[in-house]
Amino acid sequence: MINQKPRVRFAPSPTGYLHIGGLRTALYNYLFAKNTGGQFVLRIEDTDRNRFVEGATEQLIDVLKFIGLEDFEGPGNEGDFGPYIQSERLEIYHDHANQLIENGHAYRCFCSQERLLNLREEQQKQKLPQVKYDKHCLYLSDEVKKQKFESGESFVVRLNIRPGIKVIFNDIVRDRVEFDRDTIDDQVLIKSDGFPTYHLANVVDDHLMKITHVIRGEEWLTSTPKHVILYEAFGWELPKFAHLPLLLNPDKSKLSKRQGDVAVEDYLAKGYLKEALINFVALLGWSAGEQKDFYTLNELIQKFTLERVHKAGAVFNVEKLSWLNAEHIRAKSIDELLNYVKQELPNTKYKNGNYPDAYLKSAIESMKERLNFVTDIFEKSFYYFEPPTSYDEAIVAKRWKERSAELLLKLAEAFEMIDEPTKENFEFALHTVAEKNEVGNGQLIHPLRLAISGIGVGPGVYDIVLTIGKDETIRRIKSAVETIKFE
RNA sequence: GGCCCGUUGGUGUAACUGGUUAACACGUCGCCCUUUCACGGCGAAGAGUACGGGUUCGAGUCCCGUACGGGUCACCA
């Protein structure tokens with residue numbers, strides 16, 4: 001057991017999307033597994049039939065694979081401990097529940113919803129410190145139990161918590177955590193529909209799947225003593241626990257839908273790169289202890305340790321995510337970016353345009369450092385995809401002077417003469433025209449930018465000219481001269 | 001309310017087993033570069049480590065208490 005390779009699991013319930021907190025949990029499990037040479041297991045916890053969402057499991061797996069955590073043992077990649085979908089393991093849970101009933105660690109409870117409700121109300125009225133099941137069915141006589149069971153009366157199976165010493169366990173993130181046994185309720189293990197609850201299923205599966213480290217969100221910390229008691233009841237060795245700090249809304253409450261996007265799919269749809277998402281989420285609750293923020297998945301794998309996981313919850317700060325996204329864009333090669341751009345092009349109004357790869361690459365080259373999202377290229381530098389149809393009024397007012405039209409026409413003539421279209425030649429031509437007409441370069445540069453792009457910001461003018469080409473530049477100059485009036 | 005966990009600039013984090021003026025990044029502001037914008041560079045403001053005690057020559061680091069925040073108390077995970 002000592003030198004066993006770690007086995008960890010990400011055990012989401014298929015809700016229809018991957019929660020950003022789920023991504024973080026999955027990532028830490030994955031990083032830990034990869035870092036230690038262990039195995040990352042994916043298990044689908046679909047024991048709540050009321051929340052069944054068609055196709056959710058497939059969707060979850062797709063997103064996980066897309067984002068780069070594709071190397072898992074689980075559905076579609078069976079190992080020796082399947083099935084990996086809990087709804088396909090019902091018999092296993094029943095066998096184990098029965099085992100617990102036999103040795104007295106669990107019992108059948110026939111109480112109606114109504115009685116449970118009344119009990120709860122009653123206890124609340126009495127201002128009891130805590131609402132707990134009263135073990136009513138544990139104390140039924142054997143005959144009554146037998147009779148109810150055999151007559152097919154609906155029941156649940158409850159864990160029988162007995163008085164005893166404190167439940168103490170060690171958490172890798174939080175060190176020692178302890179709970180009094182009498183604060184623990186007789187948790188339902190098997191629901192009346194025959195499905196197990198999370199508590200039973202997770203313990204049984206973690207044991208059977210030989211999970212060595214349970215790495216999950218802090219919201220599970222308070223139910224961990226129940227799990228510890230279950231391990232005890234089965235006589236199983238305890239896995240190591242690591243409860244991760246929560247991801248928080250700006251107001252410090254648990255990250256939720258109400259206060260912004262929470263699905264990984266949403267962020268992907270908005271144009272965040274998976275690299276940025278991984279990088280950002282990894283830093284929420286962990287750091288390598290170095291003064292650096294940019295990491296690739298491989299670097300994270302090399303650096304990750306559970307010991308360096310932080311204890312306090314972390315606010316999800318979209319601004320830093322956006323910065324990281326821009327950083328990851330800048331780190332990509334032009335060819336990689338070309339793929340993204342071509343992938344997105346059909347979703348834009350320029351889908352019918354014809355843009356050769358070399359053209360797009362030139363445009364990307366000039367815009368790379370100015371993009372926060374790859375799709376920004378279609379907005380911020382629309383002029384690469386269509387000629388300007390209007391001219392920014394503020395820029396016109398500021399840069400379009402009395403002689404601008406005349407000078408631009410002369411510039412167009414000079415451009416016309418250029419045989420070899422290079423940045424240097426365009427620049428030289430502009431300088432020459434400026435000199436001959438005794439004006440500063442700015443008198444040409446700014447009107448030129450306005451004429452060919454319609455706006456006042458963007459890459460260097462010569463870069464734009466080079467990308468759209470000599471002929472198109474001249475066309476745009478002529479068109480601008482006709483449209484823009486000096487006032 | 002009970003129980004559990006937490007608390008370093010606005011945000012994410014750093015600060016080896018206690019040892020000099022608490023570091024880095026995002027964000028903000030300013031300057032430089034660029035006849036634009038962005039990138040980049042430089043600099044600034046912003047916490048004295050929730051608060052109060054204690055231990056110690058010395059505490060963000062250890063102990064106790066308080067406050068505040070969060071999580072959890074389902075036949076949901």
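Labels below follow one simple rule: chain letters A, B, ... track the order of the sequence lines, proteins then strands, and each chain is numbered from 1.
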Are a donor atom and an acceptor atom from the side chains of [X] and [Y] found within less than 3.5 Å of each other?
X: A:Tyr384; Y: A:Ser366; value: yes
X: A:Asp335; Y: A:Ser333; value: no
X: A:Thr183; Y: A:Asp180; value: no

Would you mind telling me which of [options] lies closest to the side-chain atoms of [X]?
X: A:Glu45; options: B:A38, B:C3, B:A77; result: B:A77
X: A:Arg330; options: B:C75, B:C5, B:C39; result: B:C39
X: A:Trp323; options: B:G27, B:C3, B:A15; result: B:G27
X: A:Leu283; options: B:C5, B:C75, B:G12; result: B:G12

- prompt: In terms of the angle between their ring planes, are A:Phe385 and A:Phe378 parallel, tilted or perpendicular, with boundaries placed at 30° and 60°?
  reply: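 Taking A:Phe378 first and then A:Phe385, their aromatic rings sit tilted (interplane angle of 30° to 60°).
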field: Counterpart residues, ring pair (Phe, Tyr, Trp, His ring centres under 6.0 Å), relative to A:Phe280 (two or more places apart)
entry: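 For A:Phe280 the ring pair (Phe, Tyr, Trp, His ring centres under 6.0 Å) partners, ignoring immediate neighbours, are A:Phe316.
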If I take atom [atom1] in residue [X] and atom [atom2] in nucleotide [N], what distance separates them, rounded to the nearest angstrom?
X: A:Gln187; N: B:A74; atom1: CD; atom2: C1'; answer: 8 Å
X: A:Arg51; N: B:C75; atom1: CZ; atom2: C1'; answer: 13 Å
X: A:His243; N: B:U72; atom1: NE2; atom2: C1'; answer: 12 Å
X: A:Asp48; N: B:C75; atom1: CG; atom2: C1'; answer: 10 Å
X: A:Phe110; N: B:C75; atom1: CZ; atom2: P; answer: 16 Å
X: A:Leu248; N: B:G6; atom1: CG; atom2: P; answer: 15 Å
X: A:Asp175; N: B:C63; atom1: CG; atom2: P; answer: 11 Å
X: A:Lys368; N: B:G40; atom1: NZ; atom2: P; answer: 13 Å

[N] phosphate, OP1 or OP2: any side-chain N/O from [X] under 4.0 angstrom?
X: A:Lys191; N: B:C76; value: yes
X: A:Arg308; N: B:A15; value: yes
X: A:Thr197; N: B:C75; value: no
X: A:Thr222; N: B:C5; value: no
X: A:Arg120; N: B:C75; value: yes

5' precedence on RNA chain B between A:Asp185 and A:Ser287 (nearest-nucleotide basis):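 It is A:Ser287 whose nearest nucleotide is closer to the 5' end.
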task: Name the residue closer to the 5' end of RNA chain B, choosing between A:Glu290 and A:Ser154 according to the nucleotide with the nearest heavy atom.
output: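 The residue mapped nearer the 5' terminus is A:Glu290.
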Is the shortest distance from a Lys or Arg side-chain nitrogen in [X] or [Y] to a carboxylate oxygen in the other one below 4.0 Å?
X: A:Arg476; Y: A:Glu472; answer: yes
X: A:Arg370; Y: A:Asp376; answer: no
X: A:Asp261; Y: A:Lys270; answer: yes
X: A:Arg181; Y: A:Glu232; answer: yes
X: A:Arg51; Y: A:Asp46; answer: no
X: A:Lys410; Y: A:Glu406; answer: yes
X: A:Asp134; Y: A:Arg115; answer: yes

task: Would you classify B:G65 as syn or anti? Syn applies when the glycosidic angle is within 90° of 0.
output: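 Nucleotide B:G65 adopts anti.
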Take atom [atom1] in [N] and the same atom in [M], then report the distance between them in whole Å.
N: B:A38; M: B:G30; atom1: P; value: 12 Å
N: B:U61; M: B:U17; atom1: C1'; value: 11 Å
N: B:A59; M: B:A50; atom1: P; value: 15 Å
N: B:A47; M: B:G10; atom1: P; value: 7 Å
N: B:U13; M: B:U66; atom1: C1'; value: 27 Å
N: B:G46; M: B:C24; atom1: P; value: 15 Å
N: B:C63; M: B:A45; atom1: C1'; value: 37 Å
N: B:G58; M: B:C68; atom1: P; value: 32 Å

Heavy atoms only, 4.0 Å cut-off, all strands: where does [X] land among base, sugar-phosphate and nothing?
X: A:Gln126; result: nothing
X: A:Pro447; result: nothing
X: A:Val156; result: base
X: A:Thr47; result: sugar-phosphate
X: A:Phe179; result: sugar-phosphate

message: If the condition is side chain to side chain contact (heavy atoms under 4.5 Å, CB included), which residues does A:Leu466 pass it with, not counting sequence neighbours?
response: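 Side chain to side chain contact (heavy atoms under 4.5 Å, CB included) list for A:Leu466, sorted by chain: A:Lys423, A:Phe426.
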Using atom names, set out every protein N or O paired with an N or O of nucleotides 7-11 of chain B below 3.5 Å, distance rounded to 0.1 Å.
unit_1: B:U11; atom_1: OP1; unit_2: A:Lys252; atom_2: NZ; d: 3.4

message: Counting the benzene-type ring for Trp, do A:Phe10 and A:Phe40 have ring centres under 6.0 Å apart?
response: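 No, ring centres 6.0 Å or more apart.
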- request: Check side chain to side chain donor-acceptor pair (under 3.5 Å) between A:Glu327 and all other residues, then give those that pass, not counting sequence neighbours.
  value: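 By the side chain to side chain donor-acceptor pair (under 3.5 Å) rule, A:Glu327 matches A:Arg330.
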query: According to a 3.5 Å limit on both distances, what stems of 3 or more consecutive Watson-Crick or G-U pairs are formed with RNA chain B?
result: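 Only these stems qualify: B:1-7 with B:67-73, B:10-13 with B:23-26, B:28-32 with B:40-44, B:50-54 with B:62-66.
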Could you go through nucleotides 32-36 of chain B and list every protein N or O atom that sits under 3.5 Å from one of its N or O atoms, giving the distance for each pair?
unit_1: B:U35; atom_1: O2'; unit_2: A:His446; atom_2: NE2; d: 2.6
unit_1: B:U35; atom_1: N3; unit_2: A:Gly442; atom_2: N; d: 3.1
unit_1: B:U35; atom_1: O4; unit_2: A:Asn441; atom_2: N; d: 2.3
unit_1: B:U35; atom_1: O4; unit_2: A:Gly442; atom_2: N; d: 2.1
unit_1: B:U36; atom_1: O2'; unit_2: A:Gly456; atom_2: O; d: 2.9
unit_1: B:U36; atom_1: O2; unit_2: A:Gly456; atom_2: O; d: 3.4
unit_1: B:U36; atom_1: O2; unit_2: A:Gly458; atom_2: N; d: 2.9
unit_1: B:U36; atom_1: O2; unit_2: A:Gly458; atom_2: O; d: 3.1
unit_1: B:U36; atom_1: N3; unit_2: A:Arg449; atom_2: NH2; d: 2.9
unit_1: B:U36; atom_1: N3; unit_2: A:Gly458; atom_2: O; d: 2.5
unit_1: B:U36; atom_1: O4; unit_2: A:Gly460; atom_2: N; d: 3.1

